[in-house]
Amino acid sequence: MSQGYIQEIFSSFQGEGAAIEGSCYGLRQIFVRFSGCPLALGIHGTRGCIWCDSPRAKTTEQKRCSIETKAGGKEFREINNPISPEEATTIIQDLTTADLHSISLTGGEPLYQPKFLEDFISQLKEKKYVVFLETAFTNDFAFLEKIAPMIDFASVDLKDRSAKASVDWNQLIEEESKMLKILKNSGTKVFAKTVITKASKKEDFELIIKKCSENDVPIAIQIVTPIKGTTIAQPTWDQIKEFSELAGNYLPPEKIGVSVQMHKSIDIL
Ligand code: SF4
């Protein structure tokens with residue numbers, strides 16, 4: 001029996017993505033935020049992305065999991081980790097509303113707990129839920145190939161160099177590109193997301209776009225949300241236009257979208 005470490009489970013609206021295929025932007029979802037992230041834990045030689053909004057990503061075996069008591073009620077109870085796929089599925093059923101589109105498996109990094117993830121997705125599919133995977137990294141490509149047919153929608157975060165998620169950025173992009181290919185080939189509606197800041201460079205963005213083009217997947221150009229106490233700044237309007245126009249050299253217009261993090265602009269989870 002597999003067991004997993006989860007940070008929190010709650011109901012809200014998908015706040016990332018754009019008007020491109022594969023995105024669930026604005027749709028009602030139940031979010032299952034997994035503990036642990038291999039990038040935050042240093043697999044690529046750093047302590048993860050500098051704008052990581054999931055401080056508990058650095059802890060894999062987190063003791064407590066927060067569960068929303070009523071869908072969208074923003075009130076939580078705590079249960080002990082680890083939890084079973086059955087227990088997690090029962091929580092999902094309790095939080096299900098008539099407008100629910102899909103279950104967002106996010107993190108941390110869901111692929112970091114493979115056995116639990118596989119069992120949990122199997123349970124969700126048995127109950128006819130639509131599964132949305134939000135991922136940034138795995139190098140276990142055989143496992144991704146195994147579970148990809150069960151994943152309906154996916155976002156693969158292609159990290160901009162300025163995120164400082166890797167000491168070898170080119171290698172990281174190659175690995176993330178391979179994830180796009182696996183998901184695309186399995187029939188998942190997959191798109192690439194890349195968060196850009198004022199520090200993002202056109203030549204780095206061009207490499208990311210080339211990978212999207214090679215794999216024939218859309219791109220969501222996500223504008224970073226400034227974080228208090230840091231020097232992370234939003235890109236300028238000229239940068240945003242320039243990046244989108246550059247993307248147009250490699251992808252058709254319907255595969256290019258710009259967005260902001262909706263959940264950080266209004267008072268929702
Ligand atoms: S990949 Fe996601 S969870 Fe991991 S360090 Fe980056 S932002 Fe945080």
Side-chain angles (χ1 to χ4, degrees), residues 4-10 12 14-17 23-24 29 31-62 65-66 81 104-114 116-117 132-141 143-144 153-180 183 190-197 199-200 204 208 211 219-234 259-264 269:
Y5 289 82
I6 303 295
Q7 299 181 42
E8 51 189 355
I9 304 179
F10 59 92
S12 188
Q14 177 55 248
E16 296 188 350
S23 167
C24 294
Q29 292 188 322
F31 293 80
V32 182
R33 193 179 280 280
F34 285 59
S35 296
C37 164
L39 295 177
L41 292 163
I43 195 168
H44 256 273
T46 74
R47 298 294 287 164
C49 314
I50 54 172
W51 54 67
C52 184
D53 64 355
S54 181
R56 290 181 285 183
K58 290 187 172 65
T59 316
T60 310
E61 298 194 353
Q62 190 190 310
C65 168
S66 304
N81 270 321
S104 175
L105 307 176
T106 185
E109 175 52 66
L111 292 166
Y112 199 52
Q113 299 185 58
F116 172 77
L117 179 66
F132 176 90
L133 174 69
E134 198 173 355
T135 178
F137 180 76
T138 183
N139 53 12
D140 188 349
F141 302 116
F143 174 70
L144 184 58
F153 295 87
S155 156
V156 178
D157 193 351
L158 266 67
K159 297 291 177 189
D160 181 63
R161 194 193 293 268
S162 67
K164 297 190 168 49
S166 174
V167 292
D168 186 344
W169 180 71
N170 288 285
Q171 186 198 339
L172 179 63
I173 294 298
E174 281 304 322
E175 289 164 336
E176 289 168 337
S177 174
K178 194 162 177 184
M179 296 172 70
L180 286 176
L183 288 158
V190 59
F191 70 99
K193 178 188 86 175
T194 190
V195 179
I196 62 163
T197 74
S200 299
D204 292 337
I208 288 173
K211 294 296 170 193
I219 179 114
I221 304 168
Q222 188 89 34
I223 297 166
V224 76
T225 306
I227 304 168
K228 271 188 200 151
T230 73
T231 55
I232 297 165
Q234 286 185 320
S259 74
V260 293
Q261 289 183 303
M262 186 240 289
H263 54 294
K264 292 192 178 170
L269 293 169

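Order of appearance sets the numbers: ligands from 1, and atoms from 1 within every ligand. The structure presented is a predicted model; accordingly, all values stated were derived computationally and were not measured.
- The side-chain heavy atoms of Phe116 and Phe34, taken from C-beta on, include a pair separated by under 4.5 Å.
- Looking at Leu180 and Phe191, their side chains never come closer than 4.5 Å, going by heavy atoms from C-beta outward.
- Taking 4.0 Å as the cut-off, Lys159 counts as a neighbour of ligand 1 on heavy-atom distance.
- Close approach of ligand 1 to Gly48 is summarised as follows: ligand atoms under 4.0 Å from at least one heavy atom of the residue are 5 (S).
- Between Leu117 and Tyr112, the closest side-chain pair of non-hydrogen atoms is not below 4.5 Å.
- In terms of protein heavy atoms, atom 4 (Fe) of ligand 1 is closest to Cys37 SG, 2.3 Å.
- Against a heavy-atom cut-off of under 4.0 Å, Ala136 is close to the following atoms of ligand 1: 1 (S).
- Within the 4.5 Å cutoff, the side chain of Phe137 has heavy atoms near those of the Leu172 side chain.
- Here CD of Glu134 is found 11.5 Å from CG of Leu111. Values are rounded to the nearest 0.5 Å.
- Here is the list of ligand 1 atoms found below 4.0 Å of a heavy atom in Cys49: 1 (S), 5 (S), 6 (Fe), 7 (S).
- Which parts of ligand 1 touch Cys52 is read off a 4.0 Å heavy-atom cut-off, strictly below it: atoms 3 (S), 5 (S), 7 (S), 8 (Fe).
- Using a 4.0 Å cut-off between charged nitrogen and carboxylate oxygen, Lys159 and Glu176 do not count as a salt-bridge pair.
- Against a heavy-atom cut-off of under 4.0 Å, Gly108 is close to the following atoms of ligand 1: 3 (S).
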